[in-house]
Amino acid sequence: MSTVWIQARRAARMNPSIIREILKVTEKPGILSMAGGLPSADTFPVEALKAACDTVLSKNPREALQYSASEGYAPLRDWVAQRVSALGMQVEPEQVLITTGSQQGLDLVGKILCDSGAPVAVETPTYLGALQAFTPYEPIFTSLASDGEGVVPDAFKRLRHDAPGTRFAYLLPNYQNPTGRVMGAARREQVVAAARHAGVPIVEDNPYGDLWFDAPPPSALASLWPEGTLYLGSFSKVLTPGFRLGYVIAPKELYPKLLQAKQAADLHTPGFNQRVVYEVVRDGFLEQHVPSIRARYRSQRDAMTQALREHLPAGCEWQEPTGGMFFWIRLPEGLDAMALLPQAVDAGIAFVPGAAFYAQSPDARTLRLSFVTLTPAQIGEGVAILGRVLRETLALAEEPTP
Ligand code: PMP
């Protein structure tokens with residue numbers, strides 16, 4: 001045993017992502033995996049990106065390959081400020097910070113807003129990657145009561161008493177990862193009013209908002225309370241996650257600290273990537289491209305709805321998502337999704353057990369299924385296998401013990 005290295009307290013709090021561990025198993029050939037949180041690689045606009053790389057390297061090779069500003073590439077910041085106006089937000093380019101994926105935005109938020117022992121409120125359940133990003137900064141998580149539309153406004157009332165000094169509430173109003181749920185317009189108003197009343201600012205994470213199937217989601221929370229909401233966006237689900245491009249839109253009072261944190265973290269997000277993505281999106285490319293992703297995901301969603309109705313045993317509960325990439329399933333009493341996973345993998349499928357997505361009191365009966373990386377036929381096959389595994393387990397549980 002080495003005694004040379006003494007690790008930080010925060011390092012002891014970090015754990016291997018259960019999802020990464022699961023993904024390793026599910027990468028075995030032949031597994032129909034509904035476990036990934038990845039967009040469909042068939043949606044990546046390879047030709048447009050290739051042409052844009054060429055343009056950037058021909059037009060401005062030296063600037064594109066040089067160090068650049070920590071805030072981000074100015075034309076891309078302008079474009080982002082423009083684009084979010086469709087969500088009802090009025091943003092100046094000076095409020096936009098380009099980040100290395102929105103995951104980095106979460107880390108920077110943790111860095112400048114969390115303290116050891118200070119409360120942070122999260123939805124029940126919530127995005128595992130955010131729990132992982134905030135955890136090293138040693139917050140105490142409070143789980144906000146949530147229903148099919150996300151956080152319940154009343155949950156903010158209890159914060160005053162149960163978690164005074166809550167630094168922020170981390171909320172995902174659009175097609176949440178992991179549940180797929182969306183917050184309606186009235187709920188948004190109530191939630192913002194309740195958060196405001198409780199004096200708890202909001203960190204709004206919106207990587208899935210463009211992936212709606214029937215109608216766009218209501219306006220962003222940030223449009224209702226601009227000075228009290230920090231907003232995170234991403235290019236990962238509408239273009240490609242491989243360029244690691246996201247952005248934070250910060251209230252002006254927070255921007256300088258975020259920028260300092262960003263500088264310390266990586267100086268800046270790769271300027272080449274920013275220029276290439278700007279070259280792709282500058283003339284309205286997303287206006288044709290995103291509808292093709294929506295159409296594709298909608299038909300996969302439909303295939304999963306049909307398969308779940310056909311194959312899952314009585315007692316399973318789910319809500320059909322109206323956008324995004326995920327179904328969230330609650331199994332009948334007595335079943336434990338984590339315990340079922342090895343059996344499911346042996347039978348040829350994979351999912352993510354839901355327990356990983358809870359800050360507190362995990363619900364062992366829940367699991368997440370992605371519908372975007374399999375074909376409709378594979379979805380039918382995969383869900384049929386899941387149904388079989390569940391029926392077999394339920395039948396065993398019902399067998400009288402001798
Ligand atoms: N937030 C949520 C809710 C996510 O699901 C993801 C990706 N899985 C991210 C943030 C991070 O996305 P990226 O860093 O690729 O922008």
Side-chain angles (χ1 to χ4, degrees), residues 17-20 22-23 33-41 43-44 72 76 80 83-84 96-111 120 122-135 146 150-151 168-183 202-212 217 220-222 229-249 262 265-266 269-270 273-274 277 281 286 290 293 297 321 323-328 352 354 356-359 368-373:
S17 156
I18 177 184
I19 296 195
R20 297 226 166 271
I22 289 168
L23 287 178
S33 179
M34 297 173 277
L38 328 169
S40 163
T43 66
F44 301 157
L76 186 63
V80 167
R83 184 162 174 85
V84 296
V96 178
L97 176 69
I98 304 292
T99 56
T100 306
S102 55
Q103 189 68 29
Q104 183 184 47
L106 293 169
D107 177 56
L108 301 179
V109 163
K111 217 176 212 169
V120 164
V122 297
E123 297 180 355
T124 310
T126 189
Y127 169 50
L128 170 63
L131 294 176
Q132 287 173 326
F134 303 148
T135 291
S146 309
V151 64
F168 60 87
Y170 169 67
L171 304 180
L172 304 107
N174 294 330
Y175 320 120
Q176 195 227 31
N177 181 3
T179 61
R181 67 195 175 197
V182 62
M183 196 182 281
I202 294 171
V203 172
E204 176 176 21
D205 190 9
N206 183 26
Y208 300 103
D210 280 313
L211 306 181
W212 48 267
L221 303 176
T229 308
L230 182 145
Y231 176 97
L232 299 142
S234 175
F235 288 96
S236 292
K237 310 300 185 317
V238 291
L239 271 186
T240 162
F243 273 67
R244 307 305 303 122
L245 269 194
Y247 46 92
V248 174
I249 294 170
K262 166 74 181 164
D266 63 354
T269 293
N273 297 12
Q274 297 186 61
V277 164
V281 299
L286 291 183
V290 176
I293 306 177
Y297 288 3
M325 310 194 329
F326 307 112
F327 271 86
W328 183 247
V352 180
F357 298 94
Y358 291 82
R368 189 191 75 181
L369 297 178
S370 159
F371 50 86
V372 304
T373 52

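What you see is a predicted model, and the numbers here were worked out from it, not measured in a lab. For ligands, and for the atoms within them, numbers begin at 1 and follow the listed sequence.
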Is there a side-chain contact between [X] and [Y] (heavy atoms, below 4.5 Å)?
{"X": "Pro321", "Y": "Trp328", "result": "no"}
{"X": "Met34", "Y": "Arg368", "result": "no"}
{"X": "Glu204", "Y": "Leu232", "result": "no"}
{"X": "Leu76", "Y": "Phe235", "result": "yes"}

Heteroatom distance test (Ser234, ligand 1): nitrogen or oxygen, under 3.5 angstrom: yes

For ligand 1, is there an N or O atom under 3.5 Å from any N or O atom of Thr100? no

Considering the heavy atoms of [X], write down every atom of ligand 1 situated less than 4.0 Å from one of them.
{"X": "Pro207", "answer": "1 (N), 2 (C), 3 (C), 4 (C)"}
{"X": "Lys237", "answer": "6 (C), 7 (C), 8 (N)"}
{"X": "Gly101", "answer": "14 (O), 16 (O)"}
{"X": "Leu172", "answer": "3 (C)"}

Is there a ring pair (Phe, Tyr, Trp, His ring centres under 6.0 Å) between Tyr170 and Tyr127? Walk through the geometry before answering. CA-CA 9 Å; Tyr170 169 67; Tyr127 169 50; 7.0 Å; no

What protein heavy atom is closest to [atom], reported as residue, atom name and distance in Å?
{"atom": "atom 9 (C) of ligand 1", "result": "Tyr127 OH, 3.4 Å"}
{"atom": "atom 12 (O) of ligand 1", "result": "Ser102 OG, 3.3 Å"}
{"atom": "atom 14 (O) of ligand 1", "result": "Arg244 NH2, 2.7 Å"}
{"atom": "atom 1 (N) of ligand 1", "result": "Asp205 OD2, 2.6 Å"}
{"atom": "atom 5 (O) of ligand 1", "result": "Tyr208 OH, 2.6 Å"}

Test side-chain contact (heavy atoms from CB on, under 4.5 Å) applied to Phe357 and Val352, step by step: CA-CA 10 Å; Phe357 298 94; Val352 180; 3.7 Å; yes

Steps toward side-chain contact (heavy atoms from CB on, under 4.5 Å) verdict (Arg244, Ser236): CA-CA 7 Å; Arg244 307 305 303 122; Ser236 292; 3.6 Å; yes

Just heavy atoms, cut-off under 4.0 Å: does Phe235 contact ligand 1 by side chain, backbone, both, or neither? neither

Audit row: Phe326, Phe371, ring pair (Phe, Tyr, Trp, His ring centres under 6.0 Å) steps and yes/no: CA-CA 6 Å; Phe326 307 112; Phe371 50 86; 7.5 Å; no

To the nearest 0.5 angstrom, please state how far the NZ atom of Lys111 sits from the CG atom of Leu106. 13.0 Å

Best match, Pro178, Gly242, Ser236: closest heavy atom to atom 15 (O) of ligand 1: Ser236

